[in-house]
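Below is one structure; the comments refer to it alone.
Starting from 1, each residue takes its place in the sequence as its number. Just so it is clear, the model here is predicted, and its values are computed rather than measured.
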Amino acid sequence: MNALGSPASSSGGRLRALGRVCAHYPDLYASLWRNALTRELGFKANFLLWLVVELVWFGLQLSFISVIYLHTESIGDWSKWQVVMLVGASHFIQQLFQAFLLANCAQLSDLVHTGRMDFYLLLPANTRFLVSARYIDLGGFVSAASGLAVMIYAAGQMHLMPTLTQMAAFGALCVAAVIIHYSIMFLMATCSFWTVRAQGLVMAYYNLFSLTRIPDSAFSGAARAVFTLAIPVLLVANVPVKVLLGKMDSFFEAGLLLVMSLVCFLISSFVWRAALRRYSSASS
């Protein structure tokens with residue numbers, strides 16, 4: 001006979017309570033999307049301007065690759081259209097990160113130093129979720145689509161037809177790449193709990209995004225080790241594209257990307273919890 005106060009009953013109650021809490025998050029995120037749409041529609045000119053800026057910048061990156069290949073036939077073992085696909089994939093991943101998470105990471109410092117973090121700590125939801133998902137950049141999705149279009153065009157130029165398995169693996173690795181970008185930038189932003197301003201650290205990592213569109217074979221020695229294991233920006237676009245191109249001899253690089261995404265997220269979570277323990281309101 002299972003008494004009401006037995007461990008099994010208590011465990012079942014906790015699971016049901018957890019289920020009810022988790023059920024609220026889709027509705028909460030849907031509300032955030034509606035707010036983002038309302039905000040963008042209220043500033044259409046700003047939305048269109050930044051969209052044009054992003055597309056022009058992307059076009060300049062592709063033009064730079066074309067100039068390089070006027071003077072060489074390959075970068076390491078990467079041909080011109082393989083690098084174009086790499087640039088497209090890098091842009092696709094970066095813009096997905098920007099659409100979902102970038103603005104939230106960049107504004108964490110302001111929440112801490114203005115005392116507005118207090119408001120999020122009092123809400124009955126996970127604080128990290130709230131501060132990471134407050135804003136959504138709808139223009140990022142349009143820019144990401146342009147990166148995907150360039151990838152499709154480059155694949156056509158190479159007469160490349162990836163299998164469904166390759167495309168599924170590419171999608172999963174892109175998610176892992178976004179997690180790496182988010183975890184490292186959130187970690188940088190969390191330093192605002194200890195420093196006056198952390199935006200410099202956040203933007204320093206943002207500037208490292210340019211390395212993601214360079215073939216990993218262009219790096220060697222200490223530089224390759226640092227940007228693969230310490231700050232794994234060489235993995236985030238190179239590995240997903242290698243899967244599509246069939247350039248991987250083993251699953252080691254794909255496994256490394258997945259492991260590094262988990263490691264980066266766990267480190268950022270550890271530092272985040274430590275930061276919350278020492279947080280005192282700026283308004284107190």
Side-chain angles (χ1 to χ4, degrees), residues 25 28-29 31-33 35-36 38-40 42-43 46-47 49-51 53-54 57 93-141 143-144 177-212 226-227 230-233 236 260-284:
Y25 281 91
L28 177 59
Y29 201 55
S31 297
L32 295 173
W33 271 82
N35 290 337
T38 301
R39 185 173 61 253
E40 296 293 359
F43 299 94
N46 182 69
F47 173 78
L49 176 61
W50 280 109
L51 186 59
V53 169
E54 289 288 352
W57 176 241
I93 293 167
Q94 178 181 338
Q95 291 302 314
L96 282 182
F97 167 66
Q98 181 169 319
F100 286 108
L101 300 159
L102 175 60
N104 300 302
C105 293
Q107 294 178 22
L108 179 58
S109 176
D110 287 336
L111 292 181
V112 173
H113 295 295
T114 60
R116 285 182 291 157
M117 177 63 73
D118 300 0
F119 171 74
Y120 292 97
L121 290 171
L122 292 173
L123 293 176
N126 182 276
T127 306
R128 179 167 181 171
F129 171 79
L130 292 174
V131 301
S132 298
R134 293 173 301 140
Y135 298 112
I136 298 163
D137 180 5
L138 299 180
F141 295 105
S143 296
V178 171
I179 291 173
I180 287 178
H181 278 327
Y182 162 66
S183 298
I184 296 179
M185 189 166 281
F186 191 81
L187 176 63
M188 298 293 101
T190 303
C191 292
S192 60
F193 285 86
W194 288 275
T195 63
V196 176
R197 290 288 178 183
Q199 276 129 342
L201 291 173
V202 171
M203 297 316 296
Y205 179 71
Y206 185 79
N207 290 330
L208 287 178
F209 282 3
S210 59
L211 295 180
T212 64
V226 168
F227 293 122
I231 308 174
V233 290
V236 297
M260 290 304 295
S261 68
L262 177 61
V263 169
C264 290
F265 184 80
L266 290 177
I267 292 174
S268 69
S269 295
F270 174 80
V271 175
W272 168 251
R273 288 194 296 270
L276 289 182
R277 284 195 296 270
R278 57 103 47 207
Y279 174 69
S280 59
S281 173
S283 59
S284 62

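For the atom pair OG1 of Thr127 and CG of Leu276, the computed distance is 6.5 Å after rounding to the nearest 0.5 Å. One finds the CD atom of Gln94 at 6.5 Å from the NE2 atom of His181 (value rounded to the nearest 0.5 Å). Going from atom CD of Glu54 over to atom CD of Gln98 covers 4.5 Å, rounded to the nearest 0.5 Å. Interatomic distance, Asp137 CG to Leu101 CG, rounded to the nearest 0.5 Å: 11.0 Å. In this structure, the separation between SG on Cys264 and CG on Leu262 is 9.0 Å, given to the nearest 0.5 Å. Atom CG of Leu138 and atom CG of Leu51 lie 11.0 Å apart (nearest 0.5 Å).
Residues that satisfy the side chain to side chain donor-acceptor pair (under 3.5 Å) test with Ser183, not counting sequence neighbours, are absent from this structure. Considering only residues two or more places apart in sequence or on other chains, Ala99 meets the side-chain contact (heavy atoms from CB on, under 4.5 Å) condition with Phe141. Partners of Arg128 by side-chain contact (heavy atoms from CB on, under 4.5 Å), not counting sequence neighbours, listed by chain and number: Asn126, Ser132, Tyr182, Phe186, Phe265, Ser268, Ser269, Trp272.
By the 4.5 Å heavy-atom criterion applied to side chains, Ile267 and Leu187 are counted as neighbours. Using a 4.5 Å cut-off on side-chain heavy atoms (C-beta onward), Met117 and Leu108 make contact. Contact annotation: the side chain of Asp118 approaches that of Tyr279 to within less than 4.5 Å [non-hydrogen atoms, C-beta and beyond]. Counting only heavy atoms from C-beta outward, the side chains of Leu102 and Asn104 never approach each other to under 4.5 Å. Looking only at side-chain heavy atoms (C-beta outward), Ile93 and Thr212 stay at 4.5 Å or farther from each other. A 4.5 Å side-chain heavy-atom check between Ile184 and Pro232 finds at least one atom pair inside the cut-off. Here the side chains of Trp194 and Val271 are in contact, with some heavy-atom distance below 4.5 Å.
In this structure, Asp110 and Thr114 approach most closely via the heavy-atom pair O-OG1, 2.5 Å. Looking at every heavy atom in both residues, Met185 comes nearest to Cys105 through CG-CB, 3.8 Å. Closest approach of Gln95 and Ser143 over heavy atoms only: OE1-CB, 3.3 Å. In terms of heavy atoms, Ile179 sits closest to Ser261 at CG2-O, 3.7 Å.
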Candidate pair Leu111 and Tyr120, rule side-chain contact (heavy atoms from CB on, under 4.5 Å), full reasoning: CA-CA 9 Å; Leu111 292 181; Tyr120 292 97; 3.8 Å; yes
Intermediate values then yes/no, side-chain contact (heavy atoms from CB on, under 4.5 Å), Tyr135 and Asn35: CA-CA 8 Å; Tyr135 298 112; Asn35 290 337; over 6 Å; no
Test log, rule side-chain contact (heavy atoms from CB on, under 4.5 Å), inputs Phe209 and Val233: CA-CA 7 Å; Phe209 282 3; Val233 290; 5.6 Å; no
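When the shell of 6.0 Å around OH of Tyr29 is examined, it contains more than 12 heavy atoms from other residues, nucleotides or ligands.
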